Amino acid sequence: MVTIRFWFLDINYQVVGREPRIMIWGISEKGERILILDKTFRPYLYVLPKENIDVNKLMLKIKTLSTARSPITSIEIVEKKYFGKPVKVLKVKTVIPDQVPKYREEIKKMSEVEKVLEADIRFSMRYLIDYQLQPSAWHEAVVEEIPLKMPNLKVDKIYEVKAPIKPIRLVKEPKLRKIAFDIECYNPHGAPSPERDPVIIISIYNDKGELIQFSATDRNDKPVLMKFVKYVQEYDPDIIMGYNNNKFDWPYLINRGKRVGVKIAISRSSGEPNPSVYGHISVMGRANIDLYDFAEEITEVKVKTLENVADYLGVMAKSKRTMINWWEMPKYWDDIEKRKVFLKYAADDVISTYGLGEKFLPFAIQLSSITGLPLDQVGAASVGFRVEWFLMREAYKANELIPSKVERPYEPYKGAIVLEPKKGVHEDIAVLDFSAMYPNIMIKYNISPDTYVSPAENIDPDKVWRAPEIGHRFRKEPPGFFKRVLQMLLSLRKKVREEMKKYSVDSVEYRILDERQRALKILANAMYGYQGWVGARWYCKQAAEAITAWGRQTIRRAMEMARELGLEVIYGDTDSIFVKYDEEKVKKLIKMIKDELGFEIKIDKVYKRVFFTEAKKRYVGLLPDGRIDIVGFEAIRGDWSELAKDVQEAVMEIILKEGSTKKAVDYVRGIVSDLREKKIPINKLIIWKTISKRLEEYEVEAPHVAAARKIIEKGGKVTAGSKIGYVITKGTGRLSDRAIPYFMAKIDDIDVNYYVDRQVIPAAVRVLEYFGITEKELKAVTVKAQKTLFDFFGG
DNA sequence: GCCTGGTCTCTACCC
DNA sequence: ACGGGTAGAGACCAGGCG
């Protein structure tokens, strides 16, 4: 027996013979790739009996269900808590994990049974929870080495556990072997099909900085697939990364492999990648990561192509990469000279992908270790499931039973308040933000599913917090599950931030800790939304409703205080208030809020000048350093043409910095005339919109839907989530009849009037209207004298 | 048949 | 597959007019 330290990479289980076997894949401190087996773990479920029933009789009755294939090996009475209330439950153990749902259904039917619990947790996750193992983190284990007699297992050592594995805290990462890969398919018919179209290039980029490309000779791709499989097995990466590989590369490779007779046997057990939870593709013994999952969270990039995201993150500048549009690919492949360009394009793609991995992996690793979701799943799992896995682990630690998943109808409830802004230009405005408002409200009022007191219950009013407006009550004591979890998250984050100070800003440790505190913050902030999500195990509408009610009360009171101090409130949304920046009074306000409400509010920024129209959630601010903050307006929306956005931004800048409406008007007129003279390139006229469902489900034929149909007609592919780039062409009738995919349009097809009347002018007028400028004036050819911005100040 | 105003659908934003 | 609040465009349709 030996004690080893290893970094947790992946987990799965197999049923071998008549017993399940947990398989944990890791990297030892010495850098060996190891597999640890645990044959002792068994699946189970809990039975919550009805009150006043004969438990012994129930136990006997459950025992009679036992089958030979997966016998019930034990039933014991254990003490747990269910929503904070102590309960006695039966822990029913069996052998084969996939038999648990069968037992669940049968036991549920029994008249003595109130509920069956924790029968909907996958076996390997059950193992992680019960031993509190931390994916993507270090562990210590007492193990015994067993001989390597399984040649299909790609590891240096195999062990069997002899004592429970224990997580240990080490701020470091092992030297991981990583590759990024990307495939290119021959697509003369539009979207490629694995049944018909070969994989012509597979590019790989590894952590040694090597670029490897396999390409087909003519259209024979069997060797390409074979070389890829061989390469992966030989390089033996721990992490495989791609961009949209879960939805495209892997399914294509596997189906293409089936077609040409190549098994994509790239896992550490020589198996193929296979579809798994949250729509991700699992590769046994390795972490397959789709970087698109992380790119999706970058809201600044509206059209999340690899090149756009890589450009935004500084991984590869658009100007420095080779680009080929998908409809041009066959041309680039068929022409042997142009093929070199194609290979360069493929290389740039895979290098960008690897670069994105460098940006996203540290965060993914931290998120994985905190939530307890394996590295390959954490990106694919939605926010709700990340929160839920974290809570399930915490529940186990607190001896709380995990509620089952229940299907519920959607129930709306009232949310936050948004103030009517005082329209116009304001000088020196401070934006005050409550720090972590909802988490702090949950903590202060002990809001949690297990502290909620139902209206039927009689309770001393002094022992509960009562929510304003709606009257939901929450026990003051003891601290609820969510309160404890939030306090833990917040104090942990504080500790991590303290620890960060020990390291220099450019050290590896600093980066790790910084990503960790970010992940903790995101998790804490998601806790409110989680409770209001009907799909949540800990769904509690009353809690979510109470949080927003207390939020409304808090912000209202804060605004009242500001006014009491003589501070003019210009605007406010949810947890922020915009006030005139009087340093002394603002300082007083912050203290007053702290003292009276017990919440921290901070100056987030101070605008030298800020402009509001009458609309909520839209404003432009000028920062002291000269930068312009645009919030909500067309200029930052992805579904307006670049041209209209540029015009609006320029107008805002002229107005805020120079105060000259005349200059702004002249500028707009200039653009309009450029447009009429076809001086504006077509790519500035593209409007991007997301297809959110299957095309046949649309009730109205919107322009982007019509354009999407045209893409399909051309052989292209459109699915839910696709971004459609279209332009409006000349003609009559509905816009949707005149919307065509941008790559099918020529500059002469463009309906200039649409871009003038429905894009440029409205975007400009949105801002200029307040200064008395009308659409007519913007379109007029003669220049009239305009008032300056400063005529509007103060009155 | 054409115009108009109101309603509904849809998307992307804010916090 | 975390929440509600909000702006705005365009499709769609009923009703008025002639």
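Labels below follow one simple rule: chain letters A, B, ... track the order of the sequence lines, proteins then strands, and each chain is numbered from 1. Keep in mind it's a predicted model, so treat the numbers as computed, not measured. What you see below is based on every heavy atom in this structure, not just the backbone, and it leaves out hydrogens, waters and symmetry mates.
Checking A/R618, A/K617, A/R552 one by one against A/D573, the salt bridge (charged side-chain N to carboxylate O under 4.0 Å, His left out) holds for a single residue, A/K617. For the salt bridge (charged side-chain N to carboxylate O under 4.0 Å, His left out) with A/D751, the lone residue among A/R758, A/K730, A/R738 that qualifies is A/R738. A ring-ring contact (aromatic ring centres under 6.0 Å, His included) with A/W550 is found for exactly one of A/Y445, A/Y528, A/F599, namely A/Y445.
No engagement by A/K405 is indicated, since no non-hydrogen atom pair under 4.0 Å with the nucleic acid exists. Within the 4.0 angstrom heavy-atom criterion, no nucleotide atom of any strand lies near A/Y571. A/Y619 comes within 4.0 angstrom of the backbone, heavy atoms only, and of no base. Across all strands shown, A/G632 has heavy atoms under 4.0 Å from sugar-phosphate atoms exclusively, and none from any base. When heavy atoms are screened at a 4.0 angstrom cut-off, A/G529 is found touching base atoms of the nucleic acid. Residue A/Y278 is classed as having no contact, given no heavy-atom separation below 4.0 Å to the nucleic acid. Contact annotation for A/I547: no contact, since no heavy-atom pair falls under 4.0 Å across all strands. A/S576 comes within contact range of no nucleotide atom at all, as no heavy-atom separation falls under 4.0 Å. Contact annotation for A/T548: no contact, since no heavy-atom pair falls under 4.0 Å across all strands. At the heavy-atom level, A/R758 lies under 4.0 Å from the strands shown only through sugar-phosphate atoms. Residue contacts shown for A/Y438 are absent, as no nucleic acid heavy atom lies under 4.0 Å away. Residue contacts for A/K693: at a heavy-atom cut-off of 4.0 Å it reaches the sugar-phosphate backbone alone, with no base atom in range. Here A/V631 lies in heavy-atom contact (under 4.0 Å) with sugar-phosphate atoms only.
The existence of a salt bridge linking A/E634 and A/R637 is excluded, since no basic side-chain nitrogen approaches an acidic carboxylate oxygen closer than 4.0 Å. Between A/R518 and A/E297 there is no salt bridge, since no side-chain nitrogen of the basic residue lies less than 4.0 Å from a carboxylate oxygen of the acidic one.
Heavy-atom contacts of chain A under 4.0 Å fall on DNA chain B between two terminal nucleotides, which in 5' to 3' order are B/dT9 to B/dC15.
Contact of the A/P403 side chain with the A/F83 side chain is registered, since non-hydrogen atoms from C-beta on lie closer than 4.5 Å. Within the 4.5 Å cutoff, the side chain of A/M559 has heavy atoms near those of the A/L419 side chain.
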*Should A/S692 and A/Y698 be marked as a side chain to side chain donor-acceptor pair (under 3.5 Å) after you check the CA-CA gap, both sets of side-chain angles, and the distance that decides it?*
CA-CA 9 Å; A/S692 62; A/Y698 277 94; 3.3 Å; yes

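Remark: P of C/dA9 and NZ of A/K689 are 10 Å apart, rounded to the nearest angstrom. Atom CD1 in A/I724 sits roughly 18 Å away from atom C1' in C/dA9 (whole-Å rounding). To the nearest angstrom, C1' of C/dA9 lies 10 Å from CD of A/Q759.
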Using a cut-off of under 3.5 Å, enumerate the N/O to N/O pairs linking the protein to nucleotides 6-8 of chain C.
residue	atom	partner	partner atom	Å
C/dT6	OP1	A/K616	NZ	2.7
C/dG8	OP1	A/R618	NH1	3.3
C/dG8	O3'	A/R766	NH2	3.4

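Taking the ring axis of A/F612 as reference, the NZ or CZ atom of A/K422 does not stay both within 45° of it and closer than 6.0 Å to the ring centre.
Regarding contacts with the backbone of C/dC2, every side-chain N or O of A/Y410 stays at 4.0 angstrom or more from both OP1 and OP2.
Shown here for A/Q531 and A/A543, the closest heavy-atom pair between the two residues is OE1-CB, 3.1 Å.
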